[in-house]
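These notes are about the structure you will find just below.
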2 protein chains.
Amino acid sequence: MTKKSGSFHHGNLSDALVKAATQLITARKAMTFSVREVAQSLGVSHAAAYRHFKSKSDLLAIIAQTGFIDLRDALEAAQIRTSNKIEVKETLRAMGNAYIEYAIHNAGAYRTLFHPNICDVALYPQLHEVSFASLRVLIDILEMGQAQGIVAKAPNAANLATIIWSALHGYASLFLDKQISETGEYFAPPSSREAFLDFIYGGLFAK
Amino acid sequence: MTKKSGSFHHGNLSDALVKAATQLITARKAMTFSVREVAQSLGVSHAAAYRHFKSKSDLLAIIAQTGFIDLRDALEAAQIRTSNKIEVKETLRAMGNAYIEYAIHNAGAYRTLFHPNICDVALYPQLHEVSFASLRVLIDILEMGQAQGIVAKAPNAANLATIIWSALHGYASLFLDKQISETGEYFAPPSSREAFLDFIYGGLFAK
DNA sequence: AACAATAAGTTACCACTGTCAACATTTTGG
DNA sequence: CCAAAATGTTGACAGTGGTAACTTATTGTT
């Protein structure tokens with residue numbers, strides 16, 4: 001991960017910084033990294049990063065942006081994987097599982113998605129756009145389900161999507177923060193993911 | 001917030017530090033503070049704090065601990081407020097609202113509850129104990145509901161409680177992180193809290 | 001009451017962080 | 001070919017968590 005030797009310029013430092021930082025937080029399963037160590041890992045001075053990002057928060061925002069895109073891709077992949085099904089039920093289930101899987105296997109990235117330094121919509125509008133794009137995948141499926149007469153029509157699909165998102169986010173977050181576990185290894189009792197999904201989607205189709 | 005003037009010793013610096021730090025994060029609605037500024041606000045040198053806490057994380061853990069206790073108190077207050085009701089339905093609803101209210105009105109404290117530096121159960125067992133004590137309030141109500149034949153018997157009350165906790169935590173977290181709002185002021189569509197609670201508890205009593 | 005032990009402050013330092021300014025070099029466009 | 005712009009460099013700054021060595025106050029024992 002060093003620069004092209006002999007060359008003064010790196011070539012594509014901007015992307016390299018994002019990749020290296022993402023790699024770090026992925027390996028650490030936490031969103032802690034310093035700009036300086038990322039620069040050093042690329043064989044570049046610490047100030048070089050600031051030619052490409054106005055601040056560390058800007059770098060965080062880019063990482064989060066690609067994170068949301070990856071998440072959306074994971075959800076879409078789950079949708080395609082179940083596209084042979086006629087009804088929407090199993091697609092929703094697969095998407096719920098995909099969401100939680102993404103959070104668990106990309107703990108560092110998942111945490112940056114909601115980093116307090118980048119939650120200001122006015123400062124990072126594109127970030128919130130891609131966040132909404134992820135949600136859009138869920139909304140679309142729900143609308144499809146409503147058209148099929150399988151999913152309850154009230155509240156509307158958008159509202160339903162935010163509810164399901166909340167639940168999935170809460171489960172994933174508590175899991176990453178070691179407040180709940182499937183095995184009950186902490187103080188809280190064992191919490192089955194399947195039971196969780198049953199419960200959430202059970203409400204969806206009730207009535 | 002200065003020390004008793006003229007006296008070398010502060011009197012009760014330990015408590016004062018916790019209170020001052022809590023005050024800071026409450027005012028900022030974020031979990032950012034430095035040990036040094038807290039010490040300075042008490043008219044004391046920065047190193048004095050380290051006579052009472054081995055590390056900043058230890059201080060965070062104490063803050064989180066009292067936070068969990070406050071949360072449990074808020075849940076119990078909701079329970080008492082609805083104790084004239086025969087059935088458990090409205091108590092659960094009130095507790096759901098109390099949980100979200102606590103998170104919103106104590107944003108800084110709520111965030112420290114799940115701070116990554118203190119999520120290791122082995123390092124801070126008492127913290128996870130009080131966390132579980134909060135959950136216990138919910139479990140008890142659910143068990144009562146099951147005894148009344150109102151709440152579904154499967155999954156068991158403990159599992160149900162973690163599911164509801166997940167949902168509430170997700171809603172509160174996304175709300176604090178400005179991913180969802182009741183007015184739809186961001187990219188995500190408006191998300192009604194009442195609709196959210198309807199959905200969550202709807203699943204509880206279904207069948 | 002005298003005095004050692006301990007508790008609880010102090011200053012001075014360390015390595016590290018984000019960020020910026022001043023300077024150097026490379027690439028690029030006219 | 002050269003000025004302009006892009007992209008790198010070093011060196012500084014204030015602020016951070018944390019530790020060590022030192023000083024002062026409190027406390028318990030004789």
Side-chain angles (χ1 to χ4, degrees), chain A residues 1-22 24-25 28 30-64 108 112 115-120 123-124, chain B residues 1-22 24-25 28 30-64 108 112 115-120 123-124:
Chain A
M1 265 308 166
T2 52
K3 66 175 169 177
K4 228 185 319 173
S5 71
S7 70
F8 184 77
H9 283 0
H10 178 278
N12 199 346
L13 185 53
S14 192
D15 284 5
L17 285 166
V18 175
K19 260 178 209 151
T22 305
L24 263 183
I25 62 185
R28 290 178 185 166
M31 58 173 184
T32 50
F33 72 91
S34 76
V35 174
R36 294 171 104 105
E37 68 179 338
V38 173
Q40 195 172 20
S41 84
L42 294 168
V44 125
S45 81
H46 61 272
Y50 287 88
R51 295 286 158 195
H52 301 270
F53 300 98
K54 202 175 63 48
S55 66
K56 184 181 182 180
S57 291
D58 277 21
L59 175 53
L60 281 175
I62 299 288
I63 294 171
T112 52
H115 194 288
N117 286 13
I118 56 178
C119 76
D120 189 336
L123 286 175
Y124 300 102
Chain B
M1 265 310 166
T2 51
K3 66 175 170 177
K4 226 186 320 171
S5 69
S7 70
F8 185 76
H9 283 347
H10 179 279
N12 199 345
L13 186 53
S14 192
D15 284 5
L17 286 166
V18 175
K19 261 177 207 151
T22 304
L24 263 183
I25 61 183
R28 291 178 183 167
M31 58 173 185
T32 50
F33 72 90
S34 75
V35 175
R36 297 172 103 103
E37 69 179 338
V38 173
Q40 195 172 19
S41 84
L42 294 170
V44 126
S45 80
H46 64 271
Y50 288 89
R51 294 283 157 198
H52 302 271
F53 299 97
K54 201 175 64 47
S55 66
K56 184 181 183 181
S57 292
D58 277 22
L59 175 53
L60 281 175
I62 299 288
I63 295 171
T112 49
H115 194 289
N117 285 13
I118 56 179
C119 76
D120 190 335
L123 286 175
Y124 301 102

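Keep in mind it's a predicted model, so treat the numbers as computed, not measured.
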Could you run down the sub-3.5 Å N/O contacts of the protein with nucleotides 20-23 of chain C?
| unit_1 | atom_1 | unit_2 | atom_2 | d |
| --- | --- | --- | --- | --- |
| dA22(C) | N6 | R51(A) | NH2 | 2.8 |

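If you measure from atom CD of Q40(A) to atom P of dG8(D), you get 16 Å, rounded to the nearest angstrom. Note: CG (N117(B)) to P (dG17(D)) measures 11 Å, nearest angstrom. Note: CG (L24(A)) to P (dT17(C)) measures 11 Å, nearest angstrom. Spacing between atom CZ of F53(B) and atom P of dG9(C) amounts to 11 Å, rounded to whole angstrom units. A straight line from CG of L59(A) to P of dT19(C) spans 10 Å, rounded to a whole angstrom. Taking atom NE2 of H52(A) as the reference point, atom P of dA6(D) lies 12 Å away to the nearest angstrom.
For S34(A), the listed nucleotide lying nearest its side chain is dT17(C); candidates were dG17(D), dA8(C), dT17(C).
Judged by distance alone with a 3.5 Å cut-off, no donor-acceptor contact links the side chain of R36(B) to the base of dG15(D).
Each of N12(A) and S55(B) lies near DNA chain D, and the nucleotide nearest N12(A) is the one positioned closer to the 5' end.
The only member of T112(B), I63(B), L24(B) that meets side chain to side chain contact (heavy atoms under 4.5 Å, CB included) when paired with M31(B) is T112(B).
Summarising the geometry of Y124(B) relative to N117(B), their closest heavy-atom pair is CE1-O, 3.8 Å, with the distance given to 0.1 Å. When every heavy atom of A20(A) is checked against every heavy atom of V38(A), the shortest pair comes out as CB-CG1, 3.9 Å. Scanning both residues, A64(A) and I118(A), for their nearest heavy atoms gives CB-CD1, 3.7 Å.
Annotation: the span from L17(B) atom CG to R51(B) atom CZ amounts to 13.5 Å, rounded to 0.5 Å.
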- Item | side-chain contact (heavy atoms from CB on, under 4.5 Å) between F53(B) and I62(B), intermediate numbers included | CA-CA 10 Å; F53(B) 299 97; I62(B) 299 288; 3.8 Å; yes
